[in-house]
Amino acid sequence: MGLDRPQAWLLGLPTAAVYGSLALFTTILHNVFLLYYVDTFVSVYKINKMAFWVGETVFLLWNSLNDPLFGWLSDRQFLSSQHRRSGAGLSSRAVVLARVRALGWHGPLLALSFLAFWVPWAPAGLQFLLCLCLYDGFLTLVDLHHHALLADLALSAHDRTHLNFYCSLFSAAGSLSVFASYAFWNKEDFSSFRAFCVTLAVSSGLGFLGATRLLRRRVEAARRDPGCSGLAVDCGLCGEELLVGSEEADSITLGQYLRQLARHRNFLWFVSMDLVQVFHCHFNSNFFPLFLEHLLSDHISLSTGSILLGLSYVAPHLNNLYFLSLCRRWGVYAVVRGLFLLKLGLSLLMLLAGPDHLSLLCLFIASNRVFTEGTCKLLTLVVTDLVDEDLVLNHRKQAASALLFGMVALVTKPGQTFAPLLGTWLLCFYTGHDLFQQSLITPVGSAHPWPEPPAPAPAQAPMLRQGCFYLLVLVPITCALLQLFTWSQFTLHGRRLHMVKAQRQNLSQAQTLDVKMV
């Protein structure tokens, strides 16, 4: 009987908490990966420059293409319209079960691929290439199915916000691995850090297995329970046995799907805005250490810089909890628009104040990163609304959630590449200071809080500081103006959003009745 109590307690956890815990098991790995993988291969494994750039180039291509590829392989059976019915197919509940099972497989494989970075098992260049591609492939599969479940488990905006609240809560907890990693990181004695990474990987892998098992039990229990006790937050899947993927349904090609997306007006405006948002998020991540060094390093200590860097990973998740409470009250569209206006207002205020107001400058650097990252996390909710609109507009048999998330990533991921390229070009344009001509550069994602280049000439230092300041304020001003324009063209909010959700609910109910009659 003693063994049944923990099991009963786990089964009593809210579905939203179990879903959100999946973000914890991803975050504890991914933040450590971002911080240390470059430094490990450059400083510990001594990879040569050519092998490093070849690996990064291949990784860039693979990272851009795997989202739509995996999304298409996962959801292509859901794309055709339901013209004819047959007795063979999947139910909506079976779709959720398939996604949960996929997470149960891919989550532990993600943890295993994470481990492959920290043990030398091949020539450094080959290991770098294979590790990056394997890790990013499994990370993409986990992210796609996890985000797709957000659209599949709940329909109402309130319940999706509730699910996302738990994701942010667990992501904040997972970001604490960044702080713990500082105690173990030692390039000269790598064994303690390797043991730390093994502990993270084992915890993550077991966590994925446990969480997906709990979710699978919820789905299977709801199938037997007509009262729907606890499957989806809004019990949206209860009794919903509409068939998808039936053999007699007309198939759709990738070209036809792309033409449908090209006619999806809100999708086009959203990815235009999100491309700018992804650019700004990665610009802040890439140049955060540089801004700390050239604008604040004379006034804060090295340890304070390290703490600020660690907090920059945790604070966006905690701040997002407040943003989500605002979303429940005002809607995601209004909150995102308010964040764009806030970004524009703070940037203009900082521009007028100048670089010598240090307290305001410190607050702006921190808030700029926190608010920008927080906006990125809210946009997941907008994509789930686009999934609903796509289903209604194209009369799909089932929402192609993973595929739409993959297509959004395909269009917006180039922003990750543009951020460092455009940022370094602008810095050189304003100041004549070329980062690539420095003899020592700590790569972005390193454990060090900022690069350690040779000190600029005394006459050049004020110009470099002024150039960093203008880069800091003009980029968010430009991004905010572009985003306010594109976001004003986005119409999937208010009355239209309610209409789309009502039509999806009616479509599901109608198809459920048709299936029961068969």
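Note: hydrogens, waters and symmetry copies are ignored here, and every other heavy atom, side chains too, is used. For the single chain, residues carry numbers from 1 onward in sequence order.
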Exercise for review: Would you please classify the geometry between the Phe196 ring and the Phe184 ring as parallel, tilted or perpendicular, with 30° and 60° separating the classes?
Suggested key: parallel

Point to revise | Exam field: side chain Asp136 to backbone Leu132, donor-acceptor pair closer than 3.5 Å | key: no

Point to revise | Flag side-chain contact, heavy atom, 4.5 Å: Leu426 against Leu474 | key: no

Practice item. Applying side-chain contact (heavy atoms from CB on, under 4.5 Å), run through Leu410 and Met407 and close with a yes or a no. Key: CA-CA 5 Å; Leu410 174 66; Met407 297 308 297; 3.9 Å; yes

Review point. For Leu482 and Thr486, what are the C-alpha separation, side-chain angles and deciding distance, and is it a side-chain contact (heavy atoms from CB on, under 4.5 Å)?
Key: CA-CA 6 Å; Leu482 289 172; Thr486 53; 5.7 Å; no

Practice item. Verify side-chain hydrogen bond (donor to acceptor under 3.5 Å, both in side chains) between Ser175 and Asn31, making sure each step is shown before the conclusion. Key: CA-CA 7 Å; Ser175 298; Asn31 284 343; 3.2 Å; yes

**Study point:** From Leu324 atom CG to Asn319 atom CG, the distance as rounded to the nearest 0.5 Å
**Key:** 10.0 Å

Check your understanding: With ring centroids as reference points, do Phe490 and Trp487 lie under 6.0 angstrom apart?
Key -> yes

Revision key, fill the gap. For Leu103 and Leu22, the nearest pair of non-hydrogen atoms, with its separation, is CD1-CD1, 3.8 Å

Review point. Is any side-chain heavy atom of Ser74 less than 4.5 Å from a side-chain heavy atom of Arg99?
Key: yes

Point to revise | Whether over 12 other heavy atoms sit under 6.0 Å from Tyr470 OH | key: no

Point to revise | Parallel, tilted or perpendicular: ring planes of Phe165 versus His162, cut at 30 and 60 degrees | key: parallel

Point to revise | Residue pair Leu200 / Leu29, side-chain heavy-atom distance below 4.5 Å | key: yes

Review point. So, the side chain of Ser204 versus the backbone of Phe25: is there a donor-acceptor pair under 3.5 Å, distance only?
Key: yes

Practice item. Using atom types as modelled and distance alone, determine if a side-chain donor or acceptor of Thr372 lies under 3.5 Å from a backbone N or O of Arg369. Key: no

Exercise for review: Could you check Phe170 against Thr27 for side-chain contact (heavy atoms from CB on, under 4.5 Å), going step by step and ending with a plain yes or no?
Suggested key: CA-CA 8 Å; Phe170 280 101; Thr27 306; over 6 Å; no

Review point. Short question: side chain of His30, backbone of Thr26 - any donor-acceptor pair under 3.5 Å?
Key: no

Point to revise | Worked verdict on Phe117 versus Leu134 for side-chain contact (heavy atoms from CB on, under 4.5 Å) | key: CA-CA 10 Å; Phe117 281 95; Leu134 279 174; over 6 Å; no

Check your understanding: How many angstroms lie between atom CZ of Phe70 and atom CZ of Phe138, to the nearest 0.5 angstrom?
Key -> 8.0 Å

Review point. Closest heavy-atom contact between Ala402 and Ala148?
Key: N-CB, 3.7 Å

**Study point:** Nearest-0.5 Å distance, SG of residue Cys167 to CG of residue Leu163
**Key:** 7.0 Å

Review point. How are the rings of Tyr257 and Trp72 set relative to one another: parallel (under 30°), tilted (30 to 60°) or perpendicular (over 60°)?
Key: tilted

Exercise for review: Return the minimal non-hydrogen interatomic distance between Leu318 and Ala172, and the atom names on each side.
Suggested key: CD2-CB, 3.7 Å

**Study point:** Short side-chain to backbone donor-acceptor contact, Arg160 and Ala151, under 3.5 Å
**Key:** yes

Point to revise | Heavy-atom check, side chain of His280 versus side chain of Asn368, under 4.5 Å | key: yes

Review point. Do the two ring centres, one from Phe114 and one from Phe33, sit under 6.0 Å apart?
Key: no

Practice item. Evaluate the ring planes of Trp118 and Phe190, with Trp represented by its six-membered ring, and classify them as parallel (under 30°), tilted (30 to 60°) or perpendicular (over 60°). Key: tilted

Point to revise | Leu472 side chain near Leu361 side chain, heavy-atom distance below 4.5 Å | key: yes

Check your understanding: Can you tell me how far CG of Leu381 sits from OH of Tyr333, rounded to the nearest 0.5 angstrom?
Key -> 16.0 Å

Revision key, fill the gap. So CD of Gln503 and CG of Leu393: to nearest 0.5 Å the spacing works out to 8.5 Å

Practice item. Would you confirm whether the ring centroid of Phe193 sits within less than 6.0 angstrom of the ring centroid of Tyr36? Key: yes

Point to revise | Between OH on residue Tyr166 and OG on residue Ser21, distance to nearest 0.5 Å | key: 11.5 Å

Practice item. Can you see which heavy atom on Leu492 is nearest to which on Leu386, and at what distance? Key: CD2-N, 3.8 Å

Point to revise | Side-chain touch Asp390/Phe267, heavy atoms, less than 4.5 angstrom | key: no

Check your understanding: What's the shortest heavy-atom distance between Ala201 and Leu115, and which atoms?
Key -> CB-CG, 3.5 Å

Review point. Donor-acceptor pair, Ser488 side chain versus Phe485 backbone, under 3.5 Å?
Key: yes

Point to revise | Thr384 side chain near Phe405 side chain, heavy-atom distance below 4.5 Å | key: yes

Revision key, fill the gap. What one should report as the nearest heavy-atom pair of Val32 and Ser177 is CG2-OG, 3.8 Å

Review point. Checking His146 side chain against Tyr19 main chain: does a donor-acceptor pair fall under 3.5 Å?
Key: yes

Point to revise | Among Glu373, Gln483, His282, side chain to side chain donor-acceptor pair (under 3.5 Å) partner for Gln277 | key: Gln483

Review point. Are the side chains of Asp274 and Val382 in touch, meaning some heavy atoms are under 4.5 Å apart?
Key: no

Point to revise | Salt bridge present between Arg396 and Asp75 (N-O < 4.0 angstrom) | key: no

Check your understanding: Which one of Asn394, Thr491, Asn266 satisfies the side chain to side chain donor-acceptor pair (under 3.5 Å) criterion with Glu389?
Key -> Asn266

